[in-house]
Amino acid sequence: MPAHYAPQTFSITRPDDWHLHVRDGAALHTVVPHTAAQFARALIMPNLKPPVTSTAQALAYRDRIHAAAAAAGHSTFEPLMTLYLTDHLPADEILRAKEAGIVGVKLYPAGATTNSDAGVTDMRKTYATLEAMQRTGMPLLVHGEATSPDIDLFDREAVFIDTQLIPLRRDFPALKVVFEHITTREAVQYVQSAQGAIAASITAHHLLYNRNAIFTGGIRPHYYCLPVLKREIHRQALVDAATGGSPRFFLGTDSAPHATQLKEHASGCAGCYTAHAAIELYASAFEAAQALDKLEAFASFHGPDFYGLPRNTGQITLRRESWTPPQSYPFADTTLKPLAGGEVLHWRMA
Ligand code: DOR
Ligand code: ZN
């Protein structure tokens, strides 16, 4: 397809979301149908309260998500499950997880983000478990931010690469690693040039916005997520990576619902909700880069190829159409404000 590919409608293989938060309980009934309407599969993050630290918990959680999808008419939607790495996750749990079809183990450095209190305080404490992961081919999914309070918030990802990720991968050269929701030029460069099995997911919001979005005309909490939006040069590096065709970069929305009053708060929660219009937001970002023809590989091929899972066989169709997502959705006993709610989007899934 030519670089100026600008169709009115186009179809791609049904995509997957390789990084998603759906919470639990009644909240599932708002957010799971949004994702299941667009994606065949989604990799579900384990940062519940308490976190998902056993195979049995993950399988029960998968059943609750699957039931919420089925109740909305999306019975073929497949939640792919993850475990939460703690200082004490036993190595033998990895074997059980592998046999049960758990797809990855998530590293949250303690204190890095929402519900990360149970995260890892010292990587050394996890080495027996990482050894089992390396041996069984279980991927490590990394929230890549250094947590020391003396590090500038905007530098945390770059510092993490040097102080944590490079040493970790030196000690476990055969461990499959996904550097989740990357936000900086440094992360792009690292993933592009590193040896071995490493890939990165990229969110729609980090492709569409830079850090000005958080402060335009006043503080805008719905643009606050972690890792936080960065400068424009970093956004451009992410767009180049996502649209550049490298199989090391793939779609992961990091759609992270929080009740409106917890976002619009003196100490507002981190997370952007994008599941209501995920593929449309990515299409906007790819079109702005004149790279709509690169969307399918990023959204539908590179993820399953990295995880060693089959590509989907169905298709979705996107149409050029102006529409406005709602400003708010009901969310358990409260509301949820989606990103770009009340704003005109120019692509719509048929
Ligand atoms: O913004 C974020 N929200 N970043 C994360 O890492 C976690 C997520 C959440 O669970 O709300
Ligand atoms: Zn996340």
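For ligands, and for the atoms within them, numbers begin at 1 and follow the listed sequence.
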Please tell me whether [X] and [Y] form a close aromatic pair, meaning their ring centres lie under 6.0 Å apart.
X: H206; Y: H234; answer: no
X: Y223; Y: F215; answer: no
X: W18; Y: F306; answer: no

Can you tell me how the ring of Y273 sits relative to the ring of Y329, calling it parallel under 30°, perpendicular over 60° and tilted otherwise?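 Rings of Y273 and Y329: perpendicular, as their planes differ by over 60°.
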Indicate the ring-plane relationship of H143 and H181, choosing parallel, tilted or perpendicular according to the 30° and 60° boundaries.
->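 Judged by the thresholds at 30° and 60°, the geometry between H143 and H181 is perpendicular.
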message: Show me, by chain and number, every protein residue that has a heavy-atom distance under 4.0 Å to ligand 1.
response: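 For ligand 1, the residues that come within the 4.0 Å heavy-atom cutoff are H21, R23, N47, T113, T114, H143, C225, L226, D254, A256, H258, A270, G271.
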Does D254 bring an N, O or S atom to within less than 2.8 Å of the Zn ion (ligand 2)?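 Of the N, O and S atoms in D254, at least one lies under 2.8 Å from the Zn ion (ligand 2), which means yes.
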Regarding S54 and E93, do their side chains bring together a donor and an acceptor under 3.5 Å, going by distance alone?
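S54 vs E93: no donor-acceptor pair found between side chains.
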Would you check if there is a donor-acceptor pair between the side chains of K230 and T184 at a distance under 3.5 Å?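 K230 and T184 do not have a side-chain donor-acceptor pair below 3.5 Å.
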* To do: Would you give the angle at the Zn ion (ligand 2) between H21 atom NE2 and H19 atom NE2, to the nearest 10°?
  =>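 Vertex at the Zn ion (ligand 2): approximately 110°.
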